[in-house]
There are 2 protein chains.
Amino acid sequence: MALTREQLIDTAVDVLSRFGLADLSMRRLARELDVQVGALYWHVKSKQELLVDVAAKLLGSVPRPATPVPAMAPLAIASLLQQLRTALITVPDSAEVIQLAQSMRPDALAPLGWLLEFLQLAGIPREQALFARHLLLNHLLGSIAAHQESQALAGTPEAEGNTAELGLEAFEYGVRVILQGLSLEHAAVGA
Amino acid sequence: MALTREQLIDTAVDVLSRFGLADLSMRRLARELDVQVGALYWHVKSKQELLVDVAAKLLGSVPRPATPVPAMAPLAIASLLQQLRTALITVPDSAEVIQLAQSMRPDALAPLGWLLEFLQLAGIPREQALFARHLLLNHLLGSIAAHQESQALAGTPEAEGNTAELGLEAFEYGVRVILQGLSLEHAAVGA
DNA sequence: ACCTGAACACCGTTCAAGT
DNA sequence: ACCTGAACACCGTTCAAGT
């Protein structure tokens, strides 16, 4: 049966999850799917386009939180960020893939749209909500990348629980700091 | 006269500044320096090692601010971040290069050491100062990358001052939010 | 419509051998 | 000490030709 775009994306997600971005080449994908490299380009315009779909699939399992009342918006934001983190933290180089997708097609990642929505709901004007989202996103992706690096360098898994919790702690600290800073900058949030 | 490591680094900075990271290959460098590719590997262990030195050179022009009294630490931090931004904003893909250097050799970039120092001076305990620095760094590099992307997509330089100021505004907004959030999280800062 | 075969124009790294 | 020549094992993308 003929190769499908879905199959191509699924295989890409699989190779990424198991071996990382360095091993995710078009040639590797072709080998994995038992076709010639050229065949892939009938289903997909370029590797970058494929990676956008990979990013969307990585975030596909994140459910949309219920729309909060304004006073609860910061909580909804924090929990959405947590969910995004858990969806990405086990996939090597996922931060890089999301960043690329976000820069290529800013509307391709639905959960990031919700994030903007909740920030505005919290009383932040649109333009500044865009800045604020950038801030939160840079922190999310940055802390995921840092955590994965530190694990990669760890080598022998001595005290692995230790570094894993440290990564989570750093993430939550940053979210707290940013949300507090935002509520100071925009009076509308507090209760 | 023989090729030197300095020459190699300088040429790399030059190619990066003019053409970006995609064009910064060992083979391109060799062509530029009129040697064979192999020659480069006598002066440098790997491309990654070279990029660490490139990153250090990019930040080499940033002067160390005078050590502030604790109450002035946030100001010193904000001005150091500004200087880092101006050093990097004109160099394509500089954020990526800094991030790589920072992950390969966390002590190679002196100004980032100063940043940690000032955060502790502001009354933030060491461990959390490390998180806070990450937060500021992710914002700095993220906003530089975003600004350069938006310029790349702009194509025709219509209303170029507009987007340039928008990038600066987003950057300053983020720094403000983070510093305010930090001062809320750590009581020691206010005057 | 979907894929093969083969090419084009590249990569980073290594290393015997030269000077 | 410093560099060349040549190889090894890869890349992403294109495209005539096949089925």
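Residue numbering restarts at 1 for every chain, and letters A, B, ... go by the order of the sequence lines. The structure displayed is predicted, hence computed values, not measured ones.
- Taking atom P in both D/dA9 and C/dA9, one finds a spacing of 24 Å when rounded to whole Å.
- For the C1' atom pair drawn from C/dC3 and D/dA16, the interatomic distance equals 13 Å after rounding to whole Å.
- Within residues 6-14 of chain A, no residue is approached by DNA chain D to less than 4.0 Å at the level of any non-hydrogen atom.
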Counting only pairs under 3.5 Å, give me each side-chain donor-acceptor contact of residues 27-39 of chain A, with atom names and distances, residues two or more places apart or in other chains.
| from | atom 1 | to | atom 2 | distance (Å) |
| --- | --- | --- | --- | --- |
| A/Arg28 | NE | A/Glu32 | OE1 | 2.9 |

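- Screening residues 96-106 of chain A for salt bridge (Lys or Arg N to Asp or Glu O under 4.0 Å), with sequence neighbours left out, gives no hits.
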Going 5' to 3' along nucleotides 6-19 of chain D, which nucleotides have protein heavy atoms under 4.0 Å from the base (write B), which only from the sugar-phosphate (write S), and which from neither (write -)?
-B---BBBBB----

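- For B/His43 and D/dC3, the shortest distance from a side-chain N or O to OP1 or OP2 is below 4.0 Å.
- Following rounding to the nearest Å, A/Trp42 (CH2) and C/dC2 (P) show an atom-to-atom distance of 4 Å.
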Quick one: side chains of residues 109-121 of chain A, donor-acceptor pairs under 3.5 Å with protein atoms, not counting sequence neighbours, listed by atom name and distance.
| from | atom 1 | to | atom 2 | distance (Å) |
| --- | --- | --- | --- | --- |
| A/Glu117 | OE1 | A/Arg64 | NH1 | 3.2 |
| A/Glu117 | OE2 | A/Arg64 | NH2 | 2.8 |

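- The side chain to side chain contact (heavy atoms under 4.5 Å, CB included) search around A/Ala78 returns A/Val175, A/Leu179, not counting sequence neighbours.
- Applying the salt bridge (charged side-chain N to carboxylate O under 4.0 Å, His left out) test to A/Asp93 and every residue at least two apart in sequence or in another chain returns nothing.
- The side chain to side chain contact (heavy atoms under 4.5 Å, CB included) search around A/Ser94 returns A/Leu58, A/Leu88, A/Val91, A/Ile144, A/Gln148, not counting sequence neighbours.
- Remark: B/Thr4 pairs with B/Glu6, B/Gln7 by the side chain to side chain contact (heavy atoms under 4.5 Å, CB included) rule, at least two apart or across chains.
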Pairs counted as Watson-Crick or G-U wobble with both distances under 3.5 Å: what dot-bracket string results for DNA chain D, using | for bases tied to another strand?
||.|||||...|||||.||

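- Pairs of residues two or more places apart, or lying in two chains, never qualify as ring-ring contact (aromatic ring centres under 6.0 Å, His included) while including a residue from residues 18-42 of chain A.
- Ring geometry for A/Phe171 versus A/His139: interplanar angle under 30°, hence parallel rather than tilted (30 to 60°).
- Among all heavy-atom pairs drawn from A/Gly142 and B/Asn138, the shortest one is CA-OD1, 3.6 Å.
- In this structure, the side chain to side chain contact (heavy atoms under 4.5 Å, CB included) partners of A/Ser46, at least two apart in sequence or on a different chain, are A/Gln48, A/Glu49.
- Comparing the C1' positions of C/dC2 and D/dA17 gives an interatomic distance of 13 Å, to the nearest angstrom.
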